[in-house]
There are 2 protein chains.
Amino acid sequence: MSRNPTPTSDPCCTPLTGAAMSAGEAERIAPLLKALADPVRLRLVSLIAAGGAGEACVCDLNEAFDLTQATISHHLKVLHTAGVLDREKRGVWVYYAVRPEALRSVATLFGTAALTPA
Amino acid sequence: MSRNPTPTSDPCCTPLTGAAMSAGEAERIAPLLKALADPVRLRLVSLIAAGGAGEACVCDLNEAFDLTQATISHHLKVLHTAGVLDREKRGVWVYYAVRPEALRSVATLFGTAALTPA
DNA sequence: TCGGGACATCGACACTTGTCGATGCCCCGA
DNA sequence: TCGGGGCATCGACAAGTGTCGATGTCCCGA
């Protein structure tokens, strides 16, 4: 619809059409990044990952923030829904664990990108 | 927060697994991830990075999406403000280039994290 | 059996964000 | 000098997001 009628032949630069990331790929990865793009959730993942076995109890996470328990629970749900965290209930307590595959996806995406020297 | 659009001073480059991330550190990195956490912006960065010299003209980027020129301009501004893209005007056209440091920050952050289970 | 503690969910609120059409600014070519 | 094209900005709108207090659900110990 809004295709530019090419004001002058051969405008400025390289084609770059049909390049690296497809639209579908971008739509698949963006939610993962969106889940991680929050200071509280970044710290949550960091706290869980820094814990001994890569997991942490919600009761401990609650005490690390100046936020309501409902808010922390919400953030943990967002991370879990995005596939960043695993959830396991043990008796009264709930433990969240980091899913390495999720972080590996992001690392791969930007790792290769950062190494392209131009 | 009227920050200079070129935060060259040591971005993040801190492991996600070592010690827990501080609140200030999380607040500093989250905007970078937030800028990248959008399908359109991910494709924009990908297109720019895939171009020959790691840069691209806005006129070409406009044609790669089914969005208004104003919307693309907005997304480019977000990426530029976050320090992901560099902006350079050449005559009538404007070229955006990827800042490798920005992507390297993200790669470092999640790269070490993905290697955890060892 | 009953009470209480640990999490999740709900409803509500202010704030942010993605998108658009319209308009303004700047640079070049005629 | 003037007209036009490339890009940014403005104002507006709907949709999404972070946060809270209140409430619900489940499980254990007394």
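So you know, we letter chains A, B, ... as the sequences are listed, proteins then strands, and number each from 1. Only a predicted model underlies this, so the values are computations on that prediction, with no experimental measurement involved.
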Nearest whole angstrom, please: distance from the [atom2] of [N] to the [atom1] of [X].
X	N	atom1	atom2	value
A/Leu61	C/dC7	CG	P	9 Å
B/Leu76	C/dT19	CG	C1'	15 Å
B/Asp66	C/dG18	CG	P	18 Å
B/Leu85	D/dA8	CG	C1'	16 Å
A/Asp60	C/dC7	CG	C1'	14 Å
B/Glu63	D/dG5	CD	C1'	14 Å
B/Phe65	C/dG18	CZ	P	14 Å
B/Lys77	C/dT17	NZ	C1'	14 Å

So, OP1 or OP2 of [N]: does either fall under 4.0 Å of a side-chain N or O from [X]?
X	N	answer
B/His75	C/dT19	yes
B/Arg87	D/dC7	no
A/Thr68	D/dG21	yes

Proximal nucleotide (of D/dA8, D/dG6, C/dG21) relative to the B/Trp93 side chain: D/dG6

Given D/dC20, C/dC7, D/dC7, the nucleotide with the shortest approach to the side chain of B/Cys57: D/dC7

Base of D/dA8 paired with side chain of B/Gln69 (donor-acceptor, under 3.5 Å): yes

Donor-acceptor under 3.5 Å ([X] side chain, [Y] main chain):
X	Y	value
B/Ser73	B/Gln69	no
A/Arg99	A/Gly83	yes
B/Thr81	B/Lys77	yes
A/Ser22	A/Glu25	yes
A/Thr108	A/Arg104	yes

Note: A/Arg90-A/Glu55 ion pair, threshold 4.0 Å (strictly below): yes

Distances for protein N or O near nucleotides 12-17 of chain D N or O, under 3.5 Å:
none

Sugar-phosphate or base contact per nucleotide [nucleotides 24-30 of chain D; S, B, -; heavy atom under 4.0 Å]: --SSS--

Would a 4.5 Å heavy-atom cut-off, applied to side chains only, mark [X] and [Y] as touching?
X	Y	result
B/Leu44	B/Asp38	no
A/Val40	A/Phe65	yes
A/Ser105	A/Ile29	no

Nearest-nucleotide comparison on DNA chain C, the residue closer to the 5′ end among A/Asn62 and B/Thr71: A/Asn62

From CA spacing to verdict: side chain to side chain donor-acceptor pair (under 3.5 Å), B/His75, B/Arg41: CA-CA 6 Å; B/His75 284 308; B/Arg41 293 200 285 266; 3.1 Å; yes

Sugar-phosphate only, base, or nothing, as touched by A/Tyr96 at under 4.0 Å among non-hydrogen atoms: sugar-phosphate

Sugar-phosphate only, base, or nothing, as touched by A/Leu67 at under 4.0 Å among non-hydrogen atoms: sugar-phosphate

